[in-house]
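Computed from heavy atoms alone, side chains included, the values below leave out hydrogens, waters and symmetry copies. Just so you know, these numbers come straight off a predicted model, no measurement behind them. In what follows, every chain begins at residue 1, and chains take the letters A, B, ... in the order their sequences are listed.
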Amino acid sequence: ADDDAGSGGRVFAPPSVRRLARELGVSLDSVDGSGPSGRVTEGDVRAAAEDDGDDDDPSGPRTVQSNGKSATAKRDEGASGASASAESADREQTLAAPATRALAKE
Amino acid sequence: MVVGDIATGTDLLVIGAGPGGYVAAIRAAQNGIDTTLVEKDAYGGTCLNYGCIPSKALITGANLAHEAGHAEEMGIHADPVVDMSQLRDWKSGVVDQLTGGVEKLCKANGVNLVEGTARFKDENAVRIAHGGEGQGSETIEFEHCIIATGSRVIQIPGFDFGDEPVWSSRDALEADTVPERLVVVGGGYIGMELSTTFAKLGADVTVVEMLDDILPGYESDVARVVRKRAEDLGIDMHFGEGASGWREEDDGIMVTTETEDGEENEYRADKVLVAVGRSPVTDTMDIESAGLEADDRGFLSVDDRRRTDVEHIYAVGDVVEDTPMLAHVASKEGIVAAEHIAGEPVAFDSQAVPAAVFTDPEIGTVGMTEADAEEAGFSPAVGQMPFRASGRALTTNHADGFVRIVADEESGFVLGAQIVGPEASELIAELAFAIEMGATLEDVASTIHTHPTLAEAVMEAAENALGQAIHTLNR
Amino acid sequence: MVVGDIATGTDLLVIGAGPGGYVAAIRAAQNGIDTTLVEKDAYGGTCLNYGCIPSKALITGANLAHEAGHAEEMGIHADPVVDMSQLRDWKSGVVDQLTGGVEKLCKANGVNLVEGTARFKDENAVRIAHGGEGQGSETIEFEHCIIATGSRVIQIPGFDFGDEPVWSSRDALEADTVPERLVVVGGGYIGMELSTTFAKLGADVTVVEMLDDILPGYESDVARVVRKRAEDLGIDMHFGEGASGWREEDDGIMVTTETEDGEENEYRADKVLVAVGRSPVTDTMDIESAGLEADDRGFLSVDDRRRTDVEHIYAVGDVVEDTPMLAHVASKEGIVAAEHIAGEPVAFDSQAVPAAVFTDPEIGTVGMTEADAEEAGFSPAVGQMPFRASGRALTTNHADGFVRIVADEESGFVLGAQIVGPEASELIAELAFAIEMGATLEDVASTIHTHPTLAEAVMEAAENALGQAIHTLNR
Ligand SMILES: Cc1cc2nc3c(=O)[nH]c(=O)nc-3n(C[C@H](O)[C@H](O)[C@H](O)COP(=O)(O)OP(=O)(O)OC[C@H]3O[C@@H](n4cnc5c(N)ncnc54)[C@H](O)[C@@H]3O)c2cc1C
Ligand SMILES: Cc1cc2nc3c(=O)[nH]c(=O)nc-3n(C[C@H](O)[C@H](O)[C@H](O)COP(=O)(O)OP(=O)(O)OC[C@H]3O[C@@H](n4cnc5c(N)ncnc54)[C@H](O)[C@@H]3O)c2cc1C
């Protein structure tokens, strides 16, 4: 997802995808999500890992603020900005989320 | 178990067997790490013994008795009598079952259990003082350590928990009679949960809160639903007053309060419950010997793997700065620490932490409010569904409150939710999951929700944010 | 409203104002379509008037009275008396509030409401017969039509709903006294919900079921939890017996049954409730005139946009072949049809349809069972969490049952879930959403779930499938 003001620097991706990104050393801010509104999928992260051999250090403090407050994660700005274009979500059509399916139909 | 001052070694030492510590220990052992868990008091920590579990058990009893006694409208005529000492025993039975379960689960997963109080000797060893007299002590050396020592109740000047009429939350949960008149100092979630419980059990409850509303931290329209119900239950709430002291009277006690301008008030009571907060337990185990330092309030600061400044020592749960003092946060942090020690690619990267308040009605919140979202630079789309318009809510005869969902207008991503109403604590789960998944309003709105359920209101709130609700008017 | 035989026109005519029809009409009007909704009986259809809503209202009353009367263990001593006619009136009040709401919502969204019975004149027109005598009739011409005429209860030979001791579910929900002895023919979900309700209200209930278990269609370990509880409530269940008739006795009636081998049994009763299923209402409106034909059981077949063979005529809800006869399915189909007519890119493409049974305890299911998954060629990973190990369940004193989650072992994608236990109807929502989102076990397991909640059991079932549960042993 682009680091536009609208997303507050936050990346929208499921927990399993975030973990995969750490495992593969992919910085999520550098991945163009192919899901609805730019949600990052497993396929996006795998493609980014292939495109970019660099081992970004994915660590770095993130703050989750307390209850009811902003949970926006501030990501490590030091990570390389290599942007990967990943066009294919590897979820089959039948396992795509409702908004994804609506997009497909359009 | 080892008696006498013998040094033993362990890969991972976990200090404290609350929801932070025992969960960390079990997960570490599941990952093949040689793990030792030391606890000085009771398995399950505050949560299982003096917190979440006993309070929710009493709430169940109070709700059932109160509802059955107030359902003439539904044709149910009953005059329930509550035997408080029986209710307490039942509650204790639930606690014992769960704490016994924790002990068994630790053993079944291969965690070594040690009873005693741990103090750091140095960066790689603790000394354990065993409880009983003449039990000796032992030294345990460790490669990694997780500090999960939790928190303790805060005392305020003028109220000593050693005095019989002065209750901490723990005393309240152990009560074997219902006081006729109860003054509750503090309108936070613990104060309000217990006020509601005792009011339903028949006490005359007065709440004294320094701020100008109950449940600080929650939006005013959320708190209002709970406050109104508390008023209906006869709970007398006084804002802008701090409790200054108490004295014995012929018949019970007198609690005195003071406003900011020095005006004094007095409330007659039999017991006074002080519930003004909790502070971390980091001052009783010589953390300095391990090279650690707590902040001025006693909290430890950690990174996103829950490592302290001393890299091989982690901290989780109520002792941690920044994250809320909640059992499920403690457990999640425990899992992150344990898995990181096991070499897994984990981080505490939850996008939003849900929280529940078990008042009447319940509150469940997660992520951003509308104001938070604006502050973070989003242009929020907000949808709301009142439970008054929910078929399921009406059939349960609990239709106060609403579901609100906050999303980013442009992308549709769900950012937060506030629920006040029946089963709010359960309903928030779907929305916490939606936020973690990076789901959009459309994802929530187009998922079939079973009829008739309260969860339909979650779907309708999302539809409302899209201008498409069926059962409430779209604004 | 128009009286006399005048022809009026509408873009969309919706026949039937149940959860299929009224939802379709509102959504169509929201999309700017000129919409007319015709209903012959009552707004809200079966669901609001004679089905989901009144049954759940009675269940609430029965549960409250029964629980309060059986909570000595918790120290609650009460002997509730239920005034059935008051309970019925309260229930009717809930129904009126909701059906009134439906009418208002239709109007507020600009739906034209017509009272009367519709019959097709041809492919583009219906004639409406108005209820009262001398009300005349009118013809309505339409561009598009949605048939949402729902279903009616099935009668079996020997049991005429016209006879006073023979109850349909609708009669049972209107009862103003509790029969001393009730025989229930049919152990499906409606039969079991009502058996439980009347048993708790004090009736001596006997269930007669042709098959060899209650709740056909549910897995046996799920049904077993409900059957055990039903036994504890004193419900007498007889399997492999079909009801063959009944006769008046001096004191009440005698219901006769027959086994496959012709063995006869007799059960004394005051009322006999026949709940053996429902069949679609497609035979009373001359669908042939519109060029339509129902299958031999009366269902209409539709495509994934809910179009019948006649492209501009849609069908939704209980009249539709293949999809389950459930209110939320009807509503979803209504939305799909309405939005398709409005030109939106929709389809009925839900990956899984949740369903709930409001027995004691509740059942909530969605998607595939383990056997379904195997049959579909997946290698299933299955995780389970018993409510006995859930802190929240124990504190509510309802700890029977479990959460089971079924996933694809290789990819981790969640495929289905079966929940039997407290609030199962609500808990299933998160898992239905997980399936729709294409979420994995890891996604569910790593989402923080509030403590103490029943929803934690959903998380733990996912952890269990991954071999990582904390509060139950991993197999
Ligand atoms: C009345 C009440 C109600 C609550 N309700 C809820 C609720 O509904 N939901 C929720 O999420 N949270 C609730 N909480 C908060 C919750 O209990 C805490 O957030 C949670 O227990 C924190 O877990 P922990 O593991 O960090 O610490 P604790 O549970 O406090 O456990 C710490 C353990 O460490 C042991 N210990 C301390 N020092 C040492 C030492 N030196 N050596 C050995 N052992 C030591 C202690 O004996 C204790 O057992 C409630 C709290 C209270 C008081
Ligand atoms: C006791 C009971 C309990 C139930 N509990 C549940 C539950 O908990 N959850 C659940 O999901 N489902 C439940 N159901 C099923 C649910 O009620 C149906 O699936 C649902 O009502 C179907 O909706 P529908 O819109 O297709 O039809 P209906 O609700 O049947 O509505 C059809 C409407 O069309 C009208 N109509 C028919 N013909 C004409 C005509 N020619 N002209 C004009 N109007 C006409 C009828 O009067 C009726 O109002 C229950 C059913 C029963 C009987």
Side-chain angles (χ1 to χ4, degrees), chain B residues 23 26 30 52-53 56-57 60-61 64-65 67-68 71 73-78 80-83 86-87 90 94 97-98 101 108 327-328 332 350 353-356 389 391 394-397 423 425-426 428-430 432-433 436-437 439 443 447-455 468 470 473, chain C residues 23 26 30 52-53 56-57 60-61 64-65 67-68 71 73-78 80-83 86-87 90 94 97-98 101 108 327-328 332 350 353-356 389 391 394-397 423 425-426 428-430 432-433 436-437 439 443 447-455 468 470 473:
Chain B
V23 168
I26 290 177
Q30 286 173 345
C52 329
I53 294 301
K56 272 80 241 183
T60 296
L64 178 55
E67 274 192 41
E73 183 194 6
M74 298 168 73
I76 298 172
H77 303 269
V81 174
V82 179
D83 179 329
Q86 262 183 312
L87 176 54
W90 170 75
V94 168
Q97 203 171 333
L98 287 166
H328 42 289
K332 179 68 176 184
S350 303
V353 174
L394 289 174
T395 63
T396 64
N397 211 17
E423 303 297 343
S425 63
E426 303 293 348
I428 203 68
E430 183 185 356
F433 185 64
E436 289 299 337
M437 290 298 295
D443 289 323
T447 293
I448 301 185
H449 285 66
T450 318
H451 184 78
T453 60
L454 300 164
Q468 304 194 315
I470 298 290
L473 289 180
Chain C
V23 169
I26 290 177
Q30 286 174 344
C52 328
I53 294 302
K56 271 80 243 181
T60 296
L64 178 54
E67 272 192 42
E73 185 195 5
M74 297 168 73
I76 298 172
H77 303 269
V81 174
V82 179
D83 180 328
Q86 261 183 313
L87 177 54
W90 171 74
V94 168
Q97 202 171 334
L98 287 166
H328 43 288
K332 180 69 177 183
S350 302
V353 174
L394 289 174
T395 63
T396 64
N397 212 16
E423 303 297 343
S425 64
E426 302 293 348
I428 203 68
E430 183 185 356
F433 185 63
E436 289 297 338
M437 289 299 293
D443 290 326
T447 294
I448 300 185
H449 284 66
T450 318
H451 183 76
T453 60
L454 300 164
Q468 304 195 314
I470 298 290
L473 289 179

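With a 4.5 angstrom heavy-atom cutoff, B:I428 touches chain C only via side-chain atoms. Using a 4.5 Å cut-off between heavy atoms, B:E436 contacts chain C through its side chain alone, with no backbone atom that close. The contact between B:E423 and chain C is made entirely by side chain atoms (from C-beta outward), counting heavy-atom distances below 4.5 Å. B:K332 touches chain C through its side chain: at least one heavy atom from C-beta onward sits under 4.5 Å away, while N, CA, C and O do not. Only the side chain of B:Q30 comes within contact range of chain C, with heavy atoms under 4.5 Å apart. In this structure, the portions of C:A65 lying under 4.5 Å from any heavy atom of chain B include both its backbone and its side chain.
Contact count versus chain C (heavy atoms, under 4.5 Å) is highest, among B:L98, B:I26, B:V94, B:L64, for B:L64. Among C:A355, C:A432, C:A108, C:G391, the residue making the largest number of heavy-atom pairs under 4.5 Å with chain B is C:G391. Note: B:L454 leads B:V82, B:L473, B:L454, B:T396 in heavy-atom pairs under 4.5 Å with chain C. Most heavy-atom pairs under 4.5 Å with chain B, from the set C:A389, C:G61, C:A71: that is C:G61. For the options C:V353, C:N397, C:V23, heavy-atom pairs under 4.5 Å to chain B are most numerous at C:N397.
Using a 4.5 Å heavy-atom cutoff, the side chains of C:H328 and B:T453 are not in contact.
Note that NE2 of C:H77 and CG of B:D83 are 5.0 Å apart. Values are rounded to the nearest 0.5 Å. Here B:E73 contributes atom CD and C:L87 contributes atom CG; the two are 11.0 Å apart, rounded to the nearest 0.5 Å.
Here the closest non-hydrogen pair linking C:A429 and B:E430 is CB-OE1, 3.7 Å. Minimum heavy-atom separation, B:L394 to C:W90: O-CZ2, 3.8 Å. Heavy-atom minimum distance, C:S350 versus B:I448: OG-CD1, 3.3 Å. Between B:T447 and C:F433, the shortest heavy-atom distance links the atoms OG1-CD1, 3.5 Å. Among all heavy-atom pairs drawn from C:P452 and B:K56, the shortest one is CG-CD, 3.6 Å. The heavy-atom pair separating C:P354 from B:T450 by the smallest distance is CB-OG1, 3.3 Å.
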